[in-house]
K.L.:
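Sharing a structure with you now.
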Amino acid sequence: MLQQTQVVTVIPYYQRFLARFPTLESLATASVEDIMPLWSGLGYYARARNLHAAAQVVITRHGGMFPETPEIIAELPGIGRSTANAIAVVCFAARVPILDGNVKRVLCRVFGIAGIPGTAALESRLWQHAEDLLPKQLPKRLPKHDLSKNMATYIQAQMDLGATLCTRSRPQCIACPLADICIAHATGRTAELPQKKSRRVAPERHATLLVIVHENRVLLETRPPVGIWGGLLSLPELPAEENAAAYVEKKFGARMLTVSPPSSRDDGFKTFLHIFTHFRLHITPLLCRVSLRPSAMEVGCFWLDLTALGTAALPTPVRRILEELRLSQPA
DNA sequence: AACTCGGGGTA
DNA sequence: TACCCAGAGTT
């Protein structure tokens, strides 16, 4: 959950998830449909599928015993080098580095590293620094079993330095224990390091989402497992150049009763903007009240009762549309 | 080696 | 608005 997602955002999701799936076995034996609702709104939904698959791999290939070496841990789906190393350090007393966003920022500043984010050259340099910096030996008085705590404390401190003092903007160098050896601090370049990612202008896209309603239920479909909102439920999209009434009848076999065009504002449905990392999506919900014809329903589609929104695996903008619809429905 | 994947916090 | 977050998988 914490991959590319801030701690404060994750906490409530984490608590709900562990309450529902308290053991690795309970997660492994669950279905993806059981898991996605708990990830709804958190984003990067491939992480949920990977976590589910990883639990099953531990059961089937490792006999229920979680692997203990960084290399084997990193073979689990969704677990890369940094996450695998973090697990190995915290759980199994390994001596391996981690490299998250916080650590990268600290290393770039302390060593005055200017490189283009995401390039192999920079990543390689940072990994090398992180490895060189690992504590080499323990204080003599510490008993051996404290090795894990010691190494775990080190990587935790490394991340916390970036999270609390060496922050992205306005770092508190005055309180930083590394200030006297920090190249960025010495040269006044804390604002320039690490280098910012050059980002292309996000392209604009538009989608018309069909809000097909019968009585108190709305028609949803499951999105394909890969791509945007993979594995989540969503509203059917009206292909460009298609007529809504004809399309709904042809594809879903449900006769349209009324349609609200985008120009109609009475239902409160307006085009709104949803921002992704790599494009901007203008969404126009199109309210279609239909007569029910379940015999002609396509596979993968189903009716969701509007009172069951809370436990549905919906992406945020779809949830927003349906919440608005629910509130506008006559009781 | 570059691109893709979501949503939200923050300045 | 722009940037980035306890990165990993895909092409």
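To find a chain, count down the sequence lines: A is the first, B the second, and so on, and within it residues start at 1.
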K.L.:
Determine whether a donor-acceptor pair (one donor, one acceptor, N or O, separation below 3.5 Å) exists between the side chain of A:Thr5 and the base of C:dG7.
P.N.:
no
K.L.:
Does the side chain of A:Trp229 get closer than 4.0 angstrom to OP1 or OP2 of B:dG7 through an N or O atom?
P.N.:
yes
K.L.:
Taking DNA chain B as the partner, which of residues 165-178 of chain A come within under 4.0 angstrom of it by heavy atom?
P.N.:
A:Arg168, A:Ser169
K.L.:
Which is more 5' along DNA chain B, the nucleotide nearest A:Ala120 or the one nearest A:Gly227? Just name the residue.
P.N.:
A:Ala120
K.L.:
Looking at A:Arg326 and A:Glu323, is any side-chain nitrogen of the basic one under 4.0 Å from a carboxylate oxygen of the acidic one?
P.N.:
yes
K.L.:
Starting from C1' on C:dG7, measure out to CE on A:Met159 and report it in whole angstrom.
P.N.:
13 Å
K.L.:
Could you check how far CD of A:Gln6 sits from P of C:dC3, rounded to whole Å?
P.N.:
16 Å
K.L.:
Is the backbone of A:Glu204 close enough, under 3.5 Å, to the side chain of A:Arg280 for a donor and an acceptor to pair up by distance?
P.N.:
no
K.L.:
One pair to check against side chain to side chain contact (heavy atoms under 4.5 Å, CB included): A:Val211 and A:Leu325. What are the steps and the verdict?
P.N.:
CA-CA 9 Å; A:Val211 188; A:Leu325 174 65; 3.7 Å; yes
K.L.:
Are the side chain of A:Ser124 and the backbone N or O of A:Ala121 linked by a donor-acceptor pair below 3.5 Å?
P.N.:
no
K.L.:
Rounded off to whole Å, could you give me the CD1-to-P distance for the A:Ile155 and C:dG7 pair?
P.N.:
13 Å
K.L.:
Side-chain N or O of A:Tyr45 less than 4.0 angstrom from OP1 or OP2 on B:dG7?
P.N.:
yes
K.L.:
Is the side chain of A:Arg223 donor-acceptor paired with the backbone N or O of A:Leu232 at a distance under 3.5 Å, no angle test?
P.N.:
no
K.L.:
Indicate, with a heavy-atom threshold strictly under 4.0 Å, whether A:Gly162 touches base, sugar-phosphate, or nothing.
P.N.:
nothing
K.L.:
Which value, in whole Å, describes the distance between the C1' atoms of nucleotides C:dA6 and B:dC3?
P.N.:
22 Å
K.L.:
What integer distance in Å separates A:Asn85:CG from C:dG7:C1'?
P.N.:
13 Å
K.L.:
Could you give the CZ-to-C1' distance, from A:Arg223 to B:dC5, as a whole number of Å?
P.N.:
12 Å
K.L.:
Does the side chain of A:Met36 come within less than 4.5 Å of A:Tyr45's, by heavy atoms?
P.N.:
yes
K.L.:
Please classify the nucleic acid contact of A:Glu123 as base, sugar-phosphate, or nothing, using heavy-atom distances under 4.0 Å.
P.N.:
nothing
K.L.:
Would you confirm whether the ring centroid of A:His129 sits within less than 6.0 angstrom of the ring centroid of A:Phe111?
P.N.:
yes
K.L.:
Can you figure out which of B:dA2, B:dG7, C:dG7 approaches the side chain of A:Tyr44 most closely?
P.N.:
C:dG7
K.L.:
Are any side-chain N or O atoms of A:Asn243 and backbone N or O atoms of A:Ala246, one a donor and one an acceptor, separated by less than 3.5 Å?
P.N.:
yes
K.L.:
For a quick test of reading the model: is some side-chain N or O of A:Gln4 closer than 4.0 Å to OP1 or OP2 of C:dG7?
P.N.:
yes
K.L.:
Identify which one of A:Trp229, A:Tyr44, A:Phe17, A:Tyr14 satisfies the ring-ring contact (aromatic ring centres under 6.0 Å, His included) criterion when paired with A:Trp39.
P.N.:
A:Phe17
K.L.:
Determine whether A:His278 and A:Ile228 satisfy the following criterion, side chain to side chain contact (heavy atoms under 4.5 Å, CB included), listing intermediate values before the conclusion.
P.N.:
CA-CA 11 Å; A:His278 44 296; A:Ile228 211 96; 4.2 Å; yes
K.L.:
Using whole Å, report how far CD1 of A:Ile275 lies from P of C:dC4.
P.N.:
16 Å
K.L.:
Which atom pairs link the protein and nucleotides 8-11 of chain C when you take only N or O atoms and keep those under 3.5 Å?
P.N.:
unit_1, atom_1, unit_2, atom_2, d
C:dA8, OP1, A:Gly80, N, 2.9
C:dA8, OP1, A:Thr83, N, 3.0
C:dA8, OP1, A:Thr83, OG1, 2.5
C:dA8, O5', A:Gly80, N, 3.4
C:dG9, OP1, A:Gly78, N, 2.4

K.L.:
How many Å lie between CD1 on A:Ile228 and P on B:dT4, as a whole number?
P.N.:
10 Å
K.L.:
Rounding to an integer number of angstrom, what distance separates B:dG8 and C:dA8 when you compare their P atoms?
P.N.:
22 Å
K.L.:
Could you check which residues of residues 97-118 of chain A get a heavy atom under 4.0 Å from DNA chain B? Sort them by number, please.
P.N.:
none
K.L.:
Would you confirm whether the ring centroid of A:His274 sits within less than 6.0 angstrom of the ring centroid of A:Phe276?
P.N.:
yes
K.L.:
Look only at the side chain of A:Arg49 and the backbone of A:Gly230, and say whether a donor-acceptor pair between them is shorter than 3.5 Å.
P.N.:
yes
K.L.:
My understanding is that only one of A:Leu219, A:Asn216, A:Leu309 makes a side-chain contact (heavy atoms from CB on, under 4.5 Å) with A:Leu304; could you say which?
P.N.:
A:Leu309
K.L.:
Without decimals, in angstroms, what is the distance between A:Leu42 CG and B:dC5 C1'?
P.N.:
13 Å
K.L.:
If only side-chain N and O atoms of A:His278 are considered, is one of them under 4.0 Å from the OP1 or OP2 phosphate oxygen of B:dC3?
P.N.:
no
